Engineer: 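Before I ask anything, here is the structure I am working with.
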Amino acid sequence: MLSLPEKIVFDILVVFSMYLTWRTFREVGKVVERGGGRLHLERLPVRLWRAIEVTLTQHTVLSARRLTGLFHVGIVWGFLFYFLVNLGDLLEGFLPGYTFLGPDARLYRLLADLFSGVVILGMLYFLARRFLTPAPTLQFNDRVLLHPRVRAGGIRRDSALVGAFILAHVGSRFLGQTFALAQHGLDPWQPLASAAAGLWQGGSPALLAVGEHAAWWLALGLVLLFVPWFPRTKHFHLLAGPFNFLTRPERASLGTMDRLELEDESIERFGAARIEHLSRTQIVDAYACIMCNRCQDVCPAYQAGTPLSPAALEVNKRYILWEDAPALARGADSPRTLFETALPAEGAWACTTCAACVEICPVGNAPLADILALRQDQVLMEGRPPEKLAVAFTQAERTGDPWGNPRGARLAWAHGLDVPRMADKGQADVLYWVGCAGAFDPAGQRVSRAMVRILRAAGVDFAVLGDEERCTCEWARRGGQEALYQEATAQIVETLSQYRFRLILTQCPHCFNTFQHEYPDFGGHYEVVHHSTYIAHLIEAGQIAPQKWDRRRKVQTVAYHDSCYLGRYNGIYDAPREALRALPGLRLVEMPRHRNRSLCCGGGGAQVWMETRQEMPINVTRFQEGAATGAQTIGAACPFCSIMLTSAAQAPGAPAVAVRDIAEMVAERL
């Protein structure tokens, strides 16, 4: 098809394009290498399969916005198939009389034809969604910090550039096929192109040949022009997304944090102030971002009107990398801090660490990790935590709990219950970890007393630490105070090493999560169970049989609220519901947002000890969702959730809906 001069010109363009592509990809590689840590390639076959599976199935994209996701699937599959189409067109252009895969490759021709149509239709949908009828989900509220280029319409320009390239590339190839079919006869295995070829039938063969020739050059020439620019467009997520799934760390739960080596004097910085202080995975996150705002859709802090948008954080990071890439690749420091260009301090401290952004991201990004790194910088390097959080840090350090209660008051909740202590027994089957809320918060104390009643009814051999117990400071770790967390962890591990027990039972999902997933980094290897799981097990095993209920009373309707650290972090959704369904006189209903789509109570990530400016407080929104179901009670399985929802229930004008832990409802029926 091509003349000799055309082949020479095309070869020169290929060499030039590949050289520029090598330079831009090398620059991206050097920028990623500026990050800390490493990209993970252990268990490579498993990782590779995961990246391929996510790319081909697109199930992470289809988990939300189903219609938009289906169009995206069509574009992805079409674009992947077009690697084969472009190869075939290239060979046919260079080899006279050659037909790619032979004249009988009917399935290939059919797929190429259909995918051309699917990609063109999909791109028209996305361009209309971005430009003609802009989707509200693609916007940001006025309090969100945006990079100047984003504020000036950078995302729209980038979307237009990518959309124009895809439409021109696929469209010109499709157009070329219509010219070819008009010349040589229609093909039933290319139904779309054959239908469009009718427009040219009867046209001049010479003009049709020129059109076919020009379309070939346009389709493949655009690829040569676009590939060097590819890493500087949002379309780079086509490679960076799968690469992210291939190389990101494998975490036991969505928000598991890595241990900081605080005693290593060779480490000059903890946390992140500038983009090069982030880990390599976190830098790859920025390149992988689709800019779809799904994470923003589910972020409770954003919904509450705070300046936190995990989507804007990743988008801003991308534009910082584009803008500062040459300097970063040379080893220079970025000129501005992340707080100046990516996320304001108020936004970082508004995060509840619910991990909804991590779970929903279709390309495996973890904006939560960036936020926690920013907090560590503010606390460990700058010494600037929020004022009330700093008070909680001090009280936890001095007295062993964030409320600052006397050290000898840990067992006051158990007055009159004769609760066994580990110090007296030395060993027990179950170590009941009461937690700070269970020891000092009035609602938490009711849960602790209910648990004692349940354990005794089941004949469980248990004991508590009493005054030997202290706060795990999991909340402090999420608040950036790693040193306090590690000090508390060392003390707790040492205390637990003095006693023999089979498992740790805790009513706090935050304690459960840190014992289960983070203590192994500090030598603490324990079997841990949350009280909802344990209660459900006791009921199923027949060790307790909830029956006590006055049948003359109305059936009590309960809307169960999923705790983020119990559900999203650890996948425990069924056990609390099974326990509640086993109770006579109780009917379980679901809130609109439940299970892994549950809305956070607003208390995680140390929010219980902070005050963030929210236009519509998260806990109030969640309480109103529960009340709107018509339930008389909102069921909880987390002390932080109980505190936050109870606070909302006590607000002036709030509906008369109680907030109760599942342990209380089980215990009163024994």
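When a residue number appears, it is its place in the shown sequence, counting from 1. Remember, predicted model here, so these are calculated numbers, not experimental data.
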Engineer: Can you check whether F226 and W229 have ring centres sitting under 6.0 Å from each other?
Structural biologist: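 Distance test on ring centres: not under 6.0 Å, no.
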Engineer: Evaluate T352 against C564 for side chain to side chain contact (heavy atoms under 4.5 Å, CB included), listing each step before the verdict.
Structural biologist: CA-CA 10 Å; T352 68; C564 299; 5.8 Å; no
Engineer: Determine, using ring centers only, whether Y287 and H237 are less than 6.0 Å apart.
Structural biologist: no
Engineer: Would you say R398 and Q395 make side-chain contact, with heavy atoms under 4.5 Å?
Structural biologist: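 They are not in contact (no side-chain heavy atoms under 4.5 Å apart), so the answer is no.
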Engineer: Closest heavy-atom contact between C641 and H561?
Structural biologist: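 Where C641 meets H561 most closely, the heavy atoms are SG-NE2, 3.4 Å.
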Engineer: Any donor-acceptor pair under 3.5 Å linking the side-chain atoms of Q296 with those of S309?
Structural biologist: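 Checked: S309/Q296 side chains pair up, N/O donor to acceptor below 3.5 Å.
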Engineer: Among residues at least two apart in sequence or on other chains, which ones pass side-chain hydrogen bond (donor to acceptor under 3.5 Å, both in side chains) with T256?
Structural biologist: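 Result, side-chain hydrogen bond (donor to acceptor under 3.5 Å, both in side chains) vs T256: S253.
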Engineer: Regarding Q282 and S279, do their side chains bring together a donor and an acceptor under 3.5 Å, going by distance alone?
Structural biologist: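 Side-chain D/A pair, Q282 to S279: present.
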Engineer: Would Q486 and L262 count as a side chain to side chain contact (heavy atoms under 4.5 Å, CB included) if you check the C-alpha gap in whole Å, the side-chain angles of each, and the deciding distance to 0.1 Å?
Structural biologist: CA-CA 9 Å; Q486 291 197 16; L262 299 175; 3.8 Å; yes
Engineer: Regarding R38 and E42, does a basic nitrogen lie under 4.0 Å from an acidic carboxylate oxygen?
Structural biologist: yes
Engineer: When you look at CZ of R23, are more than 12 heavy atoms from neighbouring residues, nucleotides or ligands closer to it than 6.0 Å?
Structural biologist: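 No, because the 6.0 Å sphere around CZ of R23 holds 12 heavy atoms or fewer from other groups.
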Engineer: Keeping the roles fixed (side chain from Q607, backbone from G604), state whether a donor-acceptor pair exists under 3.5 Å.
Structural biologist: no
Engineer: Under the ring-ring contact (aromatic ring centres under 6.0 Å, His included) criterion, do F512 and W433 qualify, and how do the steps go?
Structural biologist: CA-CA 9 Å; F512 169 78; W433 183 270; over 10 Å; no
Engineer: Which heavy atom in Q516 sits nearest to a heavy atom in V528, and how many Å separate them?
Structural biologist: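 Smallest heavy-atom distance, with atoms named: OE1-CB, 3.6 Å.
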Engineer: Report yes if some heavy atom in the side chain of D297 is under 4.5 Å from a heavy atom in the side chain of Y302; otherwise report no.
Structural biologist: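 No - every pair of side-chain heavy atoms lies 4.5 Å or more apart.
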Engineer: Take a 6.0 Å sphere around CZ of R156 and say whether it holds more than 12 heavy atoms from other residues, nucleotides or ligands.
Structural biologist: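 Enclosed: over 12 neighbouring heavy atoms sit under 6.0 Å from CZ of R156.
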Engineer: Let me see the working for R251 and M257 under side chain to side chain contact (heavy atoms under 4.5 Å, CB included), right down to the final yes or no.
Structural biologist: CA-CA 8 Å; R251 301 193 179 280; M257 297 182 65; over 6 Å; no
Engineer: Side chains of L278 and I275, heavy atoms from C-beta outward: is any pair under 4.5 Å?
Structural biologist: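 In short, these two side chains touch, coming nearer than 4.5 Å.
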Engineer: Where is the tightest heavy-atom contact between P228 and L225, given as atom of each residue plus distance?
Structural biologist: CD-O, 3.5 Å
Engineer: Walk me through whether H72 and Q58 qualify under side-chain hydrogen bond (donor to acceptor under 3.5 Å, both in side chains).
Structural biologist: CA-CA 8 Å; H72 189 271; Q58 291 287 291; 2.9 Å; yes
Engineer: Would R593 and D562 pass as an ion pair if we require N to O under 4.0 Å?
Structural biologist: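 Result for this pair is no, no salt bridge flagged.
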Engineer: Within the 4.5 Å heavy-atom criterion, are W49 and L44 side-chain neighbours or not?
Structural biologist: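 Answer no - side chains too far apart.
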Engineer: Ignoring hydrogens and geometry, is there a side-chain-to-backbone donor-acceptor pair from D324 to S334 under 3.5 Å?
Structural biologist: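 Pair absent, no side-chain N/O of D324 close to backbone of S334.
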Engineer: E469 side chain to G435 main-chain N or O, any donor-acceptor pair under 3.5 Å?
Structural biologist: yes
Engineer: Under 4.0 Å between a side-chain nitrogen and a carboxylate oxygen: does that hold for E314 and K317?
Structural biologist: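 So E314 pairs with K317 through a salt bridge.
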Engineer: Between the main-chain N or O of G480 and the side-chain N or O of R375, is there a donor-acceptor pair closer than 3.5 Å?
Structural biologist: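 Absent.
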Engineer: Ring centres under 6.0 Å, that's the criterion: do F393 and W475 meet it?
Structural biologist: yes
Engineer: Hey, is E359 close enough to R597 for a salt bridge, meaning N to O under 4.0 Å?
Structural biologist: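 Judged by the 4.0 Å cut-off on N to carboxylate O distance, E359 and R597 do form a salt bridge.
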Engineer: Give the minimum heavy-atom separation between N619 and M644, together with the two atoms involved.
Structural biologist: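 Taking every non-hydrogen atom into account, ND2-O, 3.0 Å.
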Engineer: Would you mind reporting whether I618 and Q303 have side-chain heavy atoms less than 4.5 Å apart?
Structural biologist: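 Not touching, per the 4.5 Å side-chain cut-off.
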Engineer: How many angstroms lie between atom CZ of R50 and atom CD1 of I52, to the nearest 0.5 angstrom?
Structural biologist: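 The CD1 atom of I52 is 12.5 Å from CZ of R50, to the nearest 0.5 Å.
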Engineer: Could you tell me whether a side-chain N or O of Y573 sits under 3.5 Å from a main-chain N or O of R568, the two making a donor and an acceptor?
Structural biologist: yes
Engineer: Rounded to the nearest 0.5 Å, how far does CG of N316 lie from CD of E323?
Structural biologist: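 E323 atom CD to N316 atom CG measures 11.0 Å (nearest 0.5 Å).
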Engineer: Is there a donor-acceptor pair under 3.5 Å between the side chain of D401 and the backbone N or O of R470?
Structural biologist: no
Engineer: I want to check something: taking the side chain as every heavy atom from C-beta on, are H59 and E53 in contact at a cut-off of under 4.5 Å?
Structural biologist: yes
Engineer: Please lay out, stage by stage, how T24 and E27 fare under the test side-chain hydrogen bond (donor to acceptor under 3.5 Å, both in side chains).
Structural biologist: CA-CA 5 Å; T24 54; E27 183 179 77; over 6 Å; no
Engineer: With the threshold set at 4.0 Å, does a side-chain nitrogen-carboxylate oxygen contact exist between E474 and R477?
Structural biologist: no
Engineer: When rounded to the nearest 0.5 angstrom, what distance separates NE2 in H147 from CZ in R336?
Structural biologist: 6.0 Å
Engineer: Do the side chain of R294 and the main chain of S63 share a donor and acceptor less than 3.5 angstrom apart?
Structural biologist: no
Engineer: Roughly how far, to the nearest 0.5 Å, is CG of L313 from CG of L308?
Structural biologist: 8.0 Å
Engineer: Taking the side chain as C-beta and beyond, is there a heavy-atom pair between L343 and L338 under 4.5 Å?
Structural biologist: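 No, side chains not in contact.
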Engineer: Hey, are E611 and K388 close enough for a salt bridge, meaning a charged N less than 4.0 Å from a carboxylate O?
Structural biologist: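 Between K388 and E611 there is a salt bridge, with a charged N closer than 4.0 Å to a carboxylate O.
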Engineer: How long is the straight-line distance from OG1 of T55 back to CG of L239, given to the nearest 0.5 Å?
Structural biologist: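 Separation between the atoms: 9.5 Å.
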Engineer: Examine distances only and state if a side-chain atom of N365 and a backbone atom of P367 form a donor-acceptor pair shorter than 3.5 Å.
Structural biologist: no
Engineer: The test is side chain to side chain contact (heavy atoms under 4.5 Å, CB included); show your working for R232 and R318 and say whether it passes.
Structural biologist: CA-CA 9 Å; R232 287 185 170 270; R318 174 87 69 91; over 6 Å; no
Engineer: Check this for me: does any side-chain nitrogen of one of D377 and R269 sit under 4.0 Å from a carboxylate oxygen of the other?
Structural biologist: yes
Engineer: If every non-hydrogen atom of Y569 is compared with every non-hydrogen atom of R478, which pair is closest and at what distance?
Structural biologist: CE2-NH2, 4.5 Å
Engineer: Regarding D285 and R248, does a basic nitrogen lie under 4.0 Å from an acidic carboxylate oxygen?
Structural biologist: no
Engineer: Quick check for you: to the nearest 0.5 Å, what is the distance between C473 atom SG and H510 atom NE2?
Structural biologist: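 Going from SG on C473 over to NE2 on H510, the span is 14.0 Å.
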Engineer: Let's go through S497 and E494 carefully: what are the C-alpha distance in whole Å and the side-chain angles of both, what is the deciding distance for side-chain hydrogen bond (donor to acceptor under 3.5 Å, both in side chains) to 0.1 Å, and is it a yes or a no?
Structural biologist: CA-CA 5 Å; S497 68; E494 182 180 359; over 6 Å; no
Engineer: Under the 3.5 angstrom rule, does the side chain of T514 hit a backbone N or O of C511 as a donor-acceptor pair?
Structural biologist: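 Not a single qualifying donor-acceptor pair exists.
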Engineer: Taking G605's backbone N and O only, do any of them form a donor-acceptor pair with T353's side chain (distance below 3.5 Å, no angle check)?
Structural biologist: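 Flag set: sc T353 to bb G605 pair under 3.5 Å.
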Engineer: Determine the minimum heavy-atom distance between P242 and A51, stating which atoms define it.
Structural biologist: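 Minimum heavy-atom contact is O-CB, 3.5 Å.
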Engineer: Quick check, are the ring centers of W322 and F236 under 6.0 angstrom apart?
Structural biologist: no
Engineer: For a 4.5 angstrom cut-off between non-hydrogen side-chain atoms, does Y499 reach L431?
Structural biologist: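 They are not in side-chain contact.
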Engineer: Is it true that R259 and E518 make a salt bridge, defined as a side-chain N closer than 4.0 Å to a carboxylate O?
Structural biologist: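 A salt bridge is absent here (no side-chain N lies under 4.0 Å from a carboxylate O).
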